[in-house]
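Note sheet for the following structure.
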Amino acid sequence: MDFTNFSDVELNESDGVFTLKNKNTTLGFVRFNNTGEVEYIFVNPIFRKKNLAKKLLKLVREKTQKKLIFQKPISALGSKLLNSIEKWN
């Protein structure tokens with residue numbers, strides 16, 4: 001996954017969670033299971049509108065090799081994200 005627009009970004013994976021961090025803060029994370037169900041996704045407000053959520057979701061899809069399944073969004077931003085990824089999911 002290409003994170004060249006972000007300096008010093010570190011991607012960690014453990015126990016069904018991908019986390020993107022830099023030396024100062026967490027940029028975002030996604031929690032998922034092996035069936036492709038996305039349980040939670042968060043992007044730090046400072047780093048929103050930079051396609052980080054989509055990149056995290058693509059990592060989940062690559063890892064699970066499954067079509068992503070989403071729980072009902074808890075915010076308007078979550079609904080907007082789901083609508084924006086319908087084409088590639």
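Side chains included, hydrogens not; waters and symmetry mates left out as well; all remaining heavy atoms used. Residue numbers run from 1 in the order of the sequence given. This is a predicted model, so every value here is computed, not measured.
Taken from NZ in K58 to CG in L68, the straight-line distance is 11.0 Å, to the nearest 0.5 Å. One finds the NZ atom of K50 at 11.0 Å from the NZ atom of K55 (value rounded to the nearest 0.5 Å). Considering NZ of K63 and CG of N34, their distance stands at 7.5 Å, rounded to 0.5 Å. Taken to the nearest 0.5 Å, the CG atom of N44 stands 5.0 Å off from the OG1 atom of T25. Atom CG of residue L20 and atom CZ of residue F47 lie 10.0 Å apart, to the nearest 0.5 angstrom.
With hydrogens and angles disregarded, no donor-acceptor distance shorter than 3.5 Å links the side chain of N12 to the backbone of T19.
Within the structure, ring-ring contact (aromatic ring centres under 6.0 Å, His included) contacts touching residues 8-27 (residues at least two apart or in different chains) are F18-F32.
A side-chain N or O of Q71 and one of E37 form a donor-acceptor pair less than 3.5 Å apart.
Contact between K66 and G36 at its shortest, heavy atoms only, is CB-CA, 4.2 Å. Closest of all the heavy-atom pairs between E62 and Q65 is O-NE2, 2.7 Å. In plain terms, the two heavy atoms of I41 and A53 that are nearest each other are CD1-O, 3.7 Å.
Checked against ring pair (Phe, Tyr, Trp, His ring centres under 6.0 Å), F42 has the following partners two or more places apart in sequence or in another chain: F29.
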### Message
As a quick check of understanding, evaluate side chain to side chain contact (heavy atoms under 4.5 Å, CB included) for F70 and L57, giving each step before the final call.
### Response
CA-CA 11 Å; F70 295 93; L57 293 172; 3.8 Å; yes

### Test side chain to side chain contact (heavy atoms under 4.5 Å, CB included) applied to V30 and L59, step by step
CA-CA 9 Å; V30 60; L59 287 169; over 6 Å; no

### Message
Evaluate V43 against L77 for side chain to side chain contact (heavy atoms under 4.5 Å, CB included), listing each step before the verdict.
### Response
CA-CA 11 Å; V43 174; L77 285 175; over 6 Å; no

### Task
Mind running side chain to side chain contact (heavy atoms under 4.5 Å, CB included) on N22 and L27 for me, showing each step along the way?
CA-CA 7 Å; N22 65 20; L27 282 63; 3.7 Å; yes

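Residues V60 and I69 do not share a hydrophobic cluster, clusters being chains of Ile/Leu/Val/Met/Phe/Trp/Tyr side chains in contact below 4.5 Å.
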